[in-house]
There are 2 protein chains.
Amino acid sequence: MGRPRLHADDTVLDATRDLVLAGGGGATTAALSTRSAVPVGSLYHRFGSRDALLAELWLRTVKRFQAGLFAAATAAPPGLDRAVAAAAWTVDFATDQPADARLLLLTRREELVRDASLPATVRAALEDLNEPVIRMLRQLAAEIFGHADRGTVEVVVIAVVDLPYAHVRRHLLAGGDAGRHRPALLRVVRHTLEEARADEVP
Amino acid sequence: MGRPRLHADDTVLDATRDLVLAGGGGATTAALSTRSAVPVGSLYHRFGSRDALLAELWLRTVKRFQAGLFAAATAAPPGLDRAVAAAAWTVDFATDQPADARLLLLTRREELVRDASLPATVRAALEDLNEPVIRMLRQLAAEIFGHADRGTVEVVVIAVVDLPYAHVRRHLLAGGDAGRHRPALLRVVRHTLEEARADEVP
DNA sequence: ACAATTCTAGAATATCTGCTCTAATACTCG
DNA sequence: CGAGTATTAGAGCAGATATTCTAGAATTGT
């Protein structure tokens with residue numbers, strides 16, 4: 001029914017990602033149109049608004065990241081090893097998919113997607129995006145510390161999320177290889193968790 | 001000679017910082033003018049352009065941070081203690097000057113200052129901004145490990161930069177108190193460096 | 001007091017950007 | 001084939017925004 005699509009969504013999203021990463025506010029609708037070879041009208045027909053398009057880009061990027069994250073975590077044995085594997089994925093993601101990693105780690109969602117006037121489905125998707133990760137972090141806290149309360153979960157978040165984030169971000173900004181110091185980073189991750197566990201039951 | 005200034009630079013920079021932190025692209029020249037009670041014309045007379053103004057804000061913020069950093073590092077005894085003191089300053093900065101910390105830790109420079117068409121002096125100042133910190137990190141590595149090569153410096157950077165950054169960022173984003181887990185963080189910093197030192201000379 | 005200098009002041013402008021609108025196009029299904 | 005429908009297509013619009021411009025005001029040095 002109807003005319004088939006001439007351009008794939010991913011074409012548009014890739015162009016958008018590249019222009020956003022190029023910085024300087026270059027991701028205008030006109031530029032998106034030129035870069036992806038998709039007319040402005042088609043962009044609006046497909047995505048509804050520029051904000052909605054950016055939201056879709058964000059969703060795609062986060063989902064790609066999470067897919068690898070859960071795969072890595074599931075493959076590892078429960079407890080400390082699993083936490084370290086989860087942390088390692090952030091580094092590996094930056095190596096495997098540099099463009100997506102740059103978008104995810106160097107851009108905040110609020111900065112990318114401005115307006116709150118989005119389709120309800122998209123907005124809901126954005127809201128619930130972190131839910132599965134939070135569940136995983138809680139489970140990690142339970143595995144490592146025996147119980148998941150505010151304190152233990154916070155330590156896990158810092159060790160598994162924030163620390164790799166800070167590390168990779170620094171190397172991405174410097175244009176260097178984030179994987180180069182992967183072992184050193186993971187040692188600190190493990191250390192952070194071990195020390196917190198030692199403090200828990202004195 | 002000539003008419004004295006009616007408004008202090010800091011008044012303008014404070015208003016700019018607040019509007020930038022409020023997000024949503026609200027830091028327009030008109031908004032800056034209203035918020036700081038300085039006419040648009042005066043802003044341009046003083047700073048030359050919006051970008052130049054934002055660059056000045058960035059410079060002021062980084063210099064404030066570095067001033068405290070070097071003060072803390074100088075006051076501490078060389079070696080491990082000095083590294084821990086440097087790490088501690090990041091946490092204290094977030095506590096003492098929350099607004100500046102938010103700007104520095106949650107905003108990238110490239111995102112704040114768009115154009116490269118800045119006064120040469122300002123651009124040069126932006127370029128050389130990190131130089132003294134890098135020197136300090138190298139010196140810390142030399143003090144702790146006896147020599148500063150790529151590996152030892154990286155460990156110092158992870159412990160003194162990435163780790164506190166991760167810790168503070170989490171709390172700034174959540175609106176919590178960054179100083180709450182200061183002791184635990186510093187313990188991990190010290191431990192990380194001690195362990196790396198033990199590994200260095202097996 | 002006078003001239004020189006620096007700053008204040010905000011209306012006007014030129015540019016840019018997200019978005020809409022109308023028409024045409026190309027495919028599927030009956 | 002023909003009706004229906006989803007998509008393409010891009011010129012044009014309305015609003016916003018950084019910047020300029022011109023006039024005037026306040027202060028200092030002579």
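Each chain gets a letter, A, B and so on, in the order its sequence line appears, and its residues count up from 1.
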Just compare [options] and give me whichever is closest to any side-chain atom of [X].
X: B/Tyr44; options: D/dT20, C/dC19, C/dT8; answer: D/dT20
X: B/Ser42; options: C/dG18, D/dT19, C/dT8; answer: C/dT8
X: A/Val40; options: D/dA9, C/dT20, C/dG18; answer: C/dT20
X: A/Ser49; options: C/dC19, D/dA18, D/dT8; answer: C/dC19

Exercise for the section: Map A/Gly41 and A/His45 onto DNA chain D by nearest heavy atom, then report which one ends up closer to the 5' terminus. Expected result: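 This one resolves to A/His45.
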
Euclidean distance, atom [atom1] of residue [X] to atom [atom2] of [N] [Å, nearest integer]:
X: B/Phe47; N: D/dA18; atom1: CZ; atom2: P; result: 15 Å
X: B/Arg50; N: C/dT15; atom1: CZ; atom2: C1'; result: 15 Å
X: A/Leu43; N: D/dT7; atom1: CG; atom2: P; result: 13 Å

Handout entry: CA sep, side-chain torsions, deciding dist, call: B/Leu53, B/Leu32, side chain to side chain contact (heavy atoms under 4.5 Å, CB included)
Key = CA-CA 10 Å; B/Leu53 196 168; B/Leu32 293 181; 4.1 Å; yes

Handout entry: A/Arg197 side chain to A/Phe145 backbone, donor-acceptor under 3.5 Å
Key =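 Not confirmed, A/Arg197 side chain does not pair with A/Phe145 backbone.
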
Practice task
For the pair B/Thr90 and B/Phe65, evaluate side chain to side chain contact (heavy atoms under 4.5 Å, CB included) and give the outcome as yes or no after the intermediate values.
Solution key: CA-CA 8 Å; B/Thr90 300; B/Phe65 173 78; 3.9 Å; yes

Practice task
May I ask you to evaluate whether A/Arg46 reaches the phosphate of D/dT8, defined as a side-chain N or O under 4.0 Å from OP1 or OP2?
Solution key: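 Looking at the OP1 and OP2 atoms of D/dT8, one of them is under 4.0 Å from a side-chain N or O of A/Arg46.
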
Exercise for the section: Using the side chain to side chain contact (heavy atoms under 4.5 Å, CB included) rule, pick out the option among A/Val20, A/Leu13, A/Val122, A/Leu129 that qualifies with A/Trp58. Expected result: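 Running side chain to side chain contact (heavy atoms under 4.5 Å, CB included) over A/Val20, A/Leu13, A/Val122, A/Leu129 with A/Trp58 returns exactly one hit, A/Leu129.
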
Practice task
Would you classify A/Thr28 as touching base, sugar-phosphate or nothing, given that sugar-phosphate means primed atoms plus P, OP1 and OP2, and contacts are heavy atoms under 4.0 Å?
Solution key: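 Since only primed, P, OP1 and OP2 atoms lie under 4.0 Å of A/Thr28, the category is sugar-phosphate.
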
